[in-house]
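Since this is a predicted model, take the numbers as computed values, not measurements.
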Amino acid sequence: MSEYNNPFAAAGTIVAGNAFVGRQNELRDISERLFGEEFGNVAIVGIPKVGKSSLMHNALMANVEELWSKHRFLVVWYTLKKSSEEASKSEKRSIFLRLVSEVYHFLKMHQETELMDSLDEYYGIIKDQSVVWPEFEQNILYFFEEIVYSGIRVIYCVDEFDYSKDVLGESEYELLREISYRNSNKIAIVTTSRRSIYDIEHYTGGGSNFYGTFENIYLKPFNKDEHSAQCDMINNMPQEDIDKLYATHGGHPYLNALVLKNYISNYNLSDGIYKVNQEVLRYYTDLFYVMEKDDLADKVDKLYCGYNEGVTEEQEDYIYNCYGIFKEDSDGYIVPYCITFDNVLRQRYRENPFSLTWPEAERAIRKSISYAMTEEYGDDNLQLWVDEIEDFPGLDRSQFSKWKKQMSSEISQYRARASRNIIDQLYPTDYPFFFKRFWSDYLEPIFGHNLSFWEKNLLFIANKIRNPEMHSRKNLINSEDQQKATLICQEIIECVRKARM
């Protein structure tokens with residue numbers, strides 16, 4: 001296959017035609033909602049670049065003429081844009097003006113002259129910027145009553161509906177509800193957004209219940225079969241590479257496409273992953289930027305570390321279930337959906353820890369162990385630390401391999417920003433081993449008490465404070481254990497502070 005017919009060349013734009021794969025369940029749900037008797041609104045919800053617009057396009061816009069000729073379904077599309085200033089009256093009406101104009105233009109192109117004659121008066125009033133809102137609203141309803149009476153179903157595709165919160169108010173949401181609810185003037189509205197219509201609408205503080213007219217479709221990264229179908233667009237891609245790409249990017253259609261766009265020229269997956277690494281990191285930076293605006297970014301950080309405090313059930317449901325950025329592993333633990341996202345969360349955990357006691361205590365523990373390693377082996381050669389640790393008696397070899405693998409993965413992704421200190425890869429369950437190894441010579445003067453005291457307390461922390469090794473929704477910590485864990489963490493922090501490390 002030459003570079004001139006690379007199916008991934010336009011990665012990041014709407015995917016159409018043969019390049020669109022999978023999503024059969026979602027396509028079925030949209031069809032049942034829009035083309036059956038239960039004609040109503042649909043909200044496609046998901047993280048950025050997961051394929052929301054592509055799904056809406058392929059379900060509807062790709063079949064515009066067939067839907068019209070066979071079923072008298074009239075499909076139009078509008079992409080909302082962010083308003084830079086306070087929305088003017090014309091901006092507030094733009095979503096309706098675009099709808100009416102697109103419908104009118106479609107009827108004109110398809111020579112529906114008789115219907116257009118009955119719409120002309122309403123259309124003229126709707127376009128008049130001087131018309132007051134009640135008259136504007138009433139003529140919108142009249143316009144669509146004529147459409148419905150003629151046996152036409154209008155389907156309005158609104159892309160990037162998140163931006164509606166910057167433009168629309170309660171009156172506009174109520175009008176959208178009315179034209180998609182009353183049988184006499186009913187249209188169907190299909191939206192794409194990061195959040196549900198409920199969250200978007202209530203962001204404005206309004207009291208409308210427009211959200212109640214929607215069926216939500218939560219779009220997640222590809223499952224394994226869909227991921228394989230995307231990879232199959234490249235002839236003879238080895239199963240080993242398909243599996244490795246799935247582990248790396250978790251079936252995210254956009255991130256897959258970035259890699260496959262490069263892979264297609266040389267069939268070197270490692271090279272393809274490396275070449276797009278900066279684009280992938282930019283994607284996750286953008287993802288957390290929009291999550292921050294949605295008040296979800298710090299909630300992702302907390303849940304990654306096993307904390308539910310300060311996270312509502314609704315927010316937890318979005319993060320764990322709706323977005324597909326976490327998954328349940330074979331042991332029942334909730335883990336990041338792919339290696340790359342896990343690395344991103346680890347980096348955020350180290351660089352931007354949320355204000356909870358455990359992250360600070362963990363940094364203090366790692367600092368004390370690194371101090372012991374420095375005293376024993378010096379800190380001018382961190383690779384020597386890896387070599388020496390490998391020879392420690394009683395070391396769990398599987399854990400050691402995991403530390404090395406994680407460090408290598410982070411260095412590959414973050415390069416100069418990644419830590420070369422293998423101690424940064426330790427899990428809380430690993431700390432007692434290092435405390436025992438360095439207790440008498442280096443750690444006892446820092447922490448006091450005795451080794452048994454700290455082994456017991458570190459194991460308690462590891463088992464009760466769910467951390468990047470143990471992010472599971474099972475066995476939530478009770479208030480008594482949480483208080484005990486907090487006191488232990490505070491003592492760890494204070495010990496290391498007094499040691500002036």
Side-chain angles (χ1 to χ4, degrees), residues 12-15 23 26-27 29-30 33-34 40-61 75-83 87 91-92 94-96 98-99 155-170 172-177 179-181 187-206 208-221 252-254 283 286-297 299-300 312 314-325:
T13 62
I14 288 178
V15 177
R23 308 306 194 191
E26 291 81 5
L27 289 170
D29 291 344
I30 291 172
R33 178 69 165 168
L34 297 177
N41 298 340
V42 177
I44 303 171
V45 181
I47 59 175
K49 295 186 181 296
V50 78
K52 302 184 296 293
S53 301
S54 296
L55 174 62
M56 186 165 69
H57 173 86
N58 285 275
L60 297 165
M61 292 304 296
V75 183
V76 296
W77 182 289
Y78 179 45
T79 301
L80 271 170
K81 297 177 177 63
K82 183 175 178 61
S83 176
E91 285 178 309
K92 286 179 176 292
S94 64
I95 193 169
F96 304 101
R98 181 60 176 266
L99 168 61
I155 300 174
Y156 192 19
C157 300
V158 188
D159 202 18
E160 303 288 356
F161 196 74
D162 297 279
Y163 291 134
S164 70
K165 68 180 184 293
D166 300 322
V167 179
L168 307 183
E170 186 174 343
E172 291 76 34
Y173 284 122
E174 273 298 306
L175 181 52
L176 287 172
R177 179 184 181 276
I179 63 175
S180 61
Y181 183 74
I187 73 169
I189 301 173
V190 183
T191 63
T192 68
S193 58
R194 301 187 309 271
R195 300 296 294 271
S196 72
I197 305 302
Y198 174 86
D199 293 318
I200 295 169
E201 187 179 357
H202 281 251
Y203 179 92
T204 65
S208 167
N209 59 354
F210 173 50
Y211 67 88
T213 65
F214 278 83
E215 176 180 326
N216 292 319
I217 294 177
Y218 293 103
L219 200 63
K220 302 176 182 180
H252 193 298
Y254 168 66
Y283 168 77
D286 291 342
L287 173 62
F288 276 97
Y289 173 76
V290 297
M291 281 190 169
E292 186 72 43
K293 294 198 295 184
D294 294 338
D295 193 31
L296 288 176
K299 311 303 188 295
V300 173
T312 67
E314 183 183 30
Q315 290 167 333
E316 183 177 335
D317 187 53
Y318 259 115
I319 295 165
Y320 275 152
N321 300 323
C322 299
Y323 283 161
I325 54 177

(request) Kindly indicate, with the supporting measurements, whether the criterion side chain to side chain contact (heavy atoms under 4.5 Å, CB included) is fulfilled by Val190 and Leu60. (result) CA-CA 10 Å; Val190 183; Leu60 297 165; 4.0 Å; yes
Taking the side chain as everything from C-beta on, heavy atoms only, tell me whether [X] gets closer than 4.5 Å to [Y].
{"X": "Thr191", "Y": "Val42", "answer": "no"}
{"X": "Leu176", "Y": "Leu168", "answer": "yes"}
{"X": "Lys165", "Y": "Asp199", "answer": "no"}
{"X": "Cys157", "Y": "Val76", "answer": "no"}
{"X": "Ile187", "Y": "Leu99", "answer": "yes"}
{"X": "Leu219", "Y": "Glu26", "answer": "yes"}
{"X": "Phe214", "Y": "Ile189", "answer": "yes"}
{"X": "Val75", "Y": "Met61", "answer": "yes"}

(request) Name the orientation class of the two ring planes belonging to His252 and Tyr283 (parallel below 30°, tilted from 30 to 60°, perpendicular beyond 60°). (result)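 Perpendicular, since the angle between the ring planes exceeds 60°.
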I need the [X] [atom1] to [Y] [atom2] distance, nearest 0.5 Å.
{"X": "Ile179", "Y": "Glu174", "atom1": "CD1", "atom2": "CD", "value": "12.0 Å"}
{"X": "Arg23", "Y": "Lys52", "atom1": "CZ", "atom2": "NZ", "value": "10.0 Å"}
{"X": "His57", "Y": "Trp77", "atom1": "NE2", "atom2": "CH2", "value": "7.0 Å"}
{"X": "Arg194", "Y": "Asp162", "atom1": "CZ", "atom2": "CG", "value": "4.0 Å"}
{"X": "Glu215", "Y": "Leu34", "atom1": "CD", "atom2": "CG", "value": "9.0 Å"}
{"X": "Arg195", "Y": "Tyr211", "atom1": "CZ", "atom2": "OH", "value": "14.5 Å"}

Quick check: closest heavy atoms across [X] and [Y], and the distance to 0.1 Å?
{"X": "Met291", "Y": "Val300", "answer": "SD-CG2, 3.8 Å"}
{"X": "Ala188", "Y": "Gly40", "answer": "CB-O, 3.6 Å"}
{"X": "Pro221", "Y": "Pro253", "answer": "CA-CD, 4.2 Å"}
{"X": "Leu80", "Y": "Tyr163", "answer": "O-CD1, 3.5 Å"}
{"X": "Glu160", "Y": "Thr79", "answer": "CG-CG2, 4.0 Å"}

List in chain and number order the residues that pass side-chain contact (heavy atoms from CB on, under 4.5 Å) with [X], two or more places apart in sequence or in another chain; answer none if no residue qualifies.
{"X": "Ala59", "value": "Leu27, Ile30"}
{"X": "Gln315", "value": "Asp295, Leu296, Lys299, Val311, Thr312"}
{"X": "Val15", "value": "Ala19, Phe20, Ser54"}
{"X": "Tyr289", "value": "Lys293"}

Residue list, side-chain hydrogen bond (donor to acceptor under 3.5 Å, both in side chains) with [X], at least two apart or on another chain:
{"X": "Thr13", "result": "none"}
{"X": "Arg98", "result": "Glu102"}
{"X": "Asp159", "result": "Ser53, Thr192"}
{"X": "Tyr254", "result": "none"}

Qualifying residues under ring pair (Phe, Tyr, Trp, His ring centres under 6.0 Å), relative to [X], sequence neighbours excluded:
{"X": "Tyr318", "answer": "Tyr323"}
{"X": "Tyr218", "answer": "none"}
{"X": "Phe96", "answer": "none"}

(message) Between Tyr173 and Ser164, is there a side-chain donor-acceptor contact under 3.5 Å, judged purely by atom types and distance?
(response)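 Distance-only check passes for Ser164 and Tyr173.
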(message) For a quick check under 3.5 Å, do Ser180 and Asn41 share a side-chain donor-acceptor pair by atom type?
(response)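 A donor-acceptor contact under 3.5 Å links the two side chains.
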(message) Suppose we screen for salt bridge (charged side-chain N to carboxylate O under 4.0 Å, His left out). Which residues come up paired with Asp286, at least two apart in sequence or across chains?
(response)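 For Asp286 there are no salt bridge (charged side-chain N to carboxylate O under 4.0 Å, His left out) partners, ignoring immediate neighbours.
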(request) Starting from the C-alpha separation in whole Å, work towards a yes-or-no answer on side chain to side chain contact (heavy atoms under 4.5 Å, CB included) for Ile47 and Ile325. (result) CA-CA 9 Å; Ile47 59 175; Ile325 54 177; 3.8 Å; yes
